[in-house]
Amino acid sequence: MTEKILILDFGSQYTQLIARTLREANVYCEIVPYNSAIIYDAGLKGIILGGSPFSVNEEKALLVDVKLMAEKVPVLGICYGAQLTAKLFGGRVDKSEKREYGRAKLEKVKEDILLKDIASLSQVWMSHSDTIKALPNGFEILGTTESIPVAAFKLTSDDLFPLYGLQFHPEVYHSTEGKTIIKNFLLHICSCSQDWTPAH
């Protein structure tokens, strides 16, 4: 059975870039609408929750059951996906005082396999209008920037698979070591074997 990563699409302009990054790492992936039924078979190695032009605080916010997913496979939330994770677990997400768009420097505040081989003050790309103000109980901050107190985080739980969130976009060119972060998720957290090529 072919290994795969599912990318849930919440309408972000960057979703296809996430898929391209995975395929360049020789990992098969599929982009599916955020509300698709997920089949948790032996080939599913992890789930990525993509970004969105919407806010998690909107009345008709696009919602998924992140906890259920993390009971089955490792999960990585990117931008909207990270904010949604924080909110659903009881954290606080508020509108930013101004839209945060552009380059920032990621400072690692805790060593973790997701940020393995990432330089101190690595450049990352921000594109969001909401900010995670407070993490839920059981979560810890992995990285911060000058203006974003929660730029990278994880849930520490014995009951769930690894669950991570990134407020920035590792999939875009301007995040200089973003592909390394995604590869760390694929290889060290999801245990993907990198044996897929477009020829398959």
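Owing to the predicted nature of the structure, the values given are computational and were not obtained by experimental measurement.
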Engineer: Tyr28 and side chain to side chain contact (heavy atoms under 4.5 Å, CB included): which partner among Lys4, Glu3, Arg23?
Structural biologist: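 So, applying the side chain to side chain contact (heavy atoms under 4.5 Å, CB included) to Tyr28 and each of Lys4, Glu3, Arg23, only Lys4 qualifies.
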
Engineer: Provide the full list of ring-ring contact (aromatic ring centres under 6.0 Å, His included) pairs with a residue in residues 45-65, sequence neighbours left out, each pair given once.
Structural biologist: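 Passing the test, one end in residues 45-65: no pairs.
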
Engineer: Do Glu146 and Lys105 sit within salt-bridge range, that is, some charged N less than 4.0 Å from a carboxylate O?
Structural biologist: no

Engineer: Counting only pairs under 3.5 Å, give me each side-chain donor-acceptor contact of residues 33-48, with atom names and distances, residues two or more places apart or in other chains.
Structural biologist:
| from | atom 1 | to | atom 2 | distance (Å) |
| --- | --- | --- | --- | --- |
| Ser36 | OG | Pro33 | O | 2.9 |
| Asp41 | OD1 | Gly43 | N | 3.1 |
| Asp41 | OD1 | Leu44 | N | 3.2 |

Engineer: Is there a side-chain contact (heavy atoms from CB on, under 4.5 Å) between Leu62 and Ser52? Walk through the geometry before answering.
Structural biologist: CA-CA 9 Å; Leu62 311 180; Ser52 176; 4.3 Å; yes

Engineer: Hey, what do you get for CG (Leu186) to OG (Ser193), rounding to the nearest 0.5 Å?
Structural biologist: 11.0 Å

Engineer: Look only at the side chain of Thr144 and the backbone of Pro149, and say whether a donor-acceptor pair between them is shorter than 3.5 Å.
Structural biologist: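 Checked: pair present.
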
Engineer: Are any non-hydrogen side-chain atoms of Ile5 and Val73 less than 4.5 angstrom apart?
Structural biologist: no

Engineer: Just wondering, do Thr176 and Ser122 contact through their side chains at under 4.5 Å, heavy atoms?
Structural biologist: yes

Engineer: Report the distance from atom CG of Leu187 to atom OG1 of Thr180, rounding to the nearest 0.5 Å.
Structural biologist: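 The CG atom of Leu187 sits 10.5 Å away from the OG1 atom of Thr180.
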
Engineer: Could you tell me whether the side chains of Ser55 and Asp130 share a donor-acceptor contact shorter than 3.5 Å?
Structural biologist: yes

Engineer: Taking side chain as C-beta onward, heavy atoms only, is Asp9 less than 4.5 Å from Val32?
Structural biologist: no

Engineer: Should the heavy atoms of other residues, nucleotides or ligands under 6.0 Å from CD of Glu58 be counted, would the total exceed 12?
Structural biologist: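 Count over threshold, so yes.
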
Engineer: I'd like to check Glu30 versus Ile7 (side-chain heavy atoms, cut-off strictly below 4.5 Å). Are they in contact?
Structural biologist: no

Engineer: Mind jotting down which residue pairs meet the ring-ring contact (aromatic ring centres under 6.0 Å, His included) criterion with at least one end in residues 142-164? Sequence neighbours excluded, please.
Structural biologist: Phe139-Phe153

Engineer: Return the orientation label for the Tyr80 and Phe10 ring planes: parallel under 30°, perpendicular over 60°, tilted otherwise.
Structural biologist: tilted

Engineer: Find the distance between CD (Gln83) and OG1 (Thr131) and round it off to the nearest 0.5 Å.
Structural biologist: 7.0 Å

Engineer: Between Leu115 and Val109, is there a shared hydrophobic cluster once you connect ILVMFWY residues whose side-chain heavy atoms come closer than 4.5 Å?
Structural biologist: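 Unlinked, Leu115 and Val109 end up in two clusters.
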
Engineer: Going by side chain to side chain donor-acceptor pair (under 3.5 Å), name the residues that satisfy it together with Glu24, two or more places apart in sequence or in a different chain.
Structural biologist: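 Glu24 satisfies side chain to side chain donor-acceptor pair (under 3.5 Å) with Arg20, Lys179 only.
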
Engineer: Are any of the side-chain heavy atoms of Leu114 and Lys154 separated by less than 4.5 Å?
Structural biologist: no

Engineer: Shared ILVMFWY cluster between Leu155 and Val64, side chains joined below 4.5 angstrom?
Structural biologist: yes

Engineer: Report whether Ile18 and Met69 are members of the same hydrophobic cluster (ILVMFWY, side-chain heavy atoms less than 4.5 Å apart, transitive linking).
Structural biologist: no

Engineer: Do the side chain of Lys108 and the main chain of Ile118 share a donor and acceptor less than 3.5 angstrom apart?
Structural biologist: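 Pair found, side chain donor or acceptor close to backbone of Ile118.
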
Engineer: With a 4.5 Å limit on heavy-atom distance, are the side chains of Arg92 and Ile132 in contact?
Structural biologist: no

Engineer: Going from CD1 on Ile181 to CG on Asp117, what distance comes out if it is rounded to the nearest 0.5 angstrom?
Structural biologist: 11.0 Å

Engineer: Would you say Thr15's side chain and Ala19's backbone share a donor-acceptor pair under 3.5 angstrom?
Structural biologist: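 Answer holds: no.
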
Engineer: Would you check if the side chain of Asp65 reaches a backbone N or O of Leu68 as a donor-acceptor pair within less than 3.5 Å?
Structural biologist: yes

Engineer: Looking at every non-hydrogen atom in both residues, tell me the closest pair between Pro136 and Gly91 and how far apart they are.
Structural biologist: CG-N, 3.4 Å

Engineer: Drop me the distance from Cys190's SG to Asn184's CG, to the nearest 0.5 angstrom.
Structural biologist: 11.0 Å

Engineer: Grab the two heavy atoms, one from Ser12 and one from Pro53, that are nearest each other, plus how far apart they are.
Structural biologist: N-CD, 4.1 Å

Engineer: When clusters are formed by joining ILVMFWY residues with side-chain heavy atoms under 4.5 Å apart, either directly or through shared neighbours, do Ile148 and Leu142 land in the same one?
Structural biologist: yes

Engineer: Could you report the tightest heavy-atom contact between Gly165 and Ala82, atom names first, then the distance?
Structural biologist: CA-CB, 3.8 Å

Engineer: Evaluate the criterion side-chain contact (heavy atoms from CB on, under 4.5 Å) for residue pair Glu140 and Thr156; output intermediate values, then yes/no.
Structural biologist: CA-CA 7 Å; Glu140 60 183 2; Thr156 53; 3.4 Å; yes

Engineer: Can you name the nearest heavy-atom pair linking Ala104 to Met126, along with the distance?
Structural biologist: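 Nearest heavy atoms, Ala104 then Met126: CB-CG, 4.1 Å.
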
Engineer: Give me each pair satisfying ring-ring contact (aromatic ring centres under 6.0 Å, His included) with a member in residues 170-190, each pair once, sequence neighbours excluded.
Structural biologist: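 Pairs touching residues 170-190 that pass the test: Trp125-His174.
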
Engineer: Could you tell me which non-hydrogen atom of Val172 sits nearest to which non-hydrogen atom of His169, and how far apart they are?
Structural biologist: CG2-O, 3.4 Å

Engineer: Without swapping roles, check the side chain of Glu171 against the backbone of Gly178 for a donor-acceptor pair under 3.5 Å.
Structural biologist: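 Not at all, since once roles are kept as given, no pair shorter than 3.5 Å links the two residues.
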
Engineer: Determine whether more than 12 heavy atoms belonging to other residues, nucleotides or ligands lie under 6.0 Å from atom NZ of Lys67.
Structural biologist: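 Open: at most 12 neighbouring heavy atoms sit under 6.0 Å from NZ of Lys67.
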
Engineer: Is it the case that the side chain of Asn26 and the backbone of Thr197 share a donor-acceptor pair, with hydrogens and angles ignored and the cut-off at 3.5 Å?
Structural biologist: no

Engineer: Under 4.5 Å between any side-chain heavy atoms of Leu166 and Leu76, yes or no?
Structural biologist: yes

Engineer: Output all residues satisfying side-chain contact (heavy atoms from CB on, under 4.5 Å) with Ala70, sequence neighbours left out; order by chain, then residue number.
Structural biologist: Val75, Leu160, Leu163

Engineer: Using only atom types and a distance under 3.5 Å, with no angle test, would you say the side chain of Glu177 pairs donor to acceptor with the backbone of Gln123?
Structural biologist: no

Engineer: Should Leu49 and Ile78 count as side-chain neighbours, where that means a heavy-atom distance under 4.5 Å?
Structural biologist: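 Answer no - side chains too far apart.
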
Engineer: Flag yes if more than 12 heavy atoms outside Lys183 fall under 6.0 Å of its NZ atom; otherwise flag no.
Structural biologist: no

Engineer: Quick one: do Leu121 and Phe168 end up in the same hydrophobic cluster if we chain Ile, Leu, Val, Met, Phe, Trp and Tyr together by side-chain heavy atoms under 4.5 Å apart?
Structural biologist: no

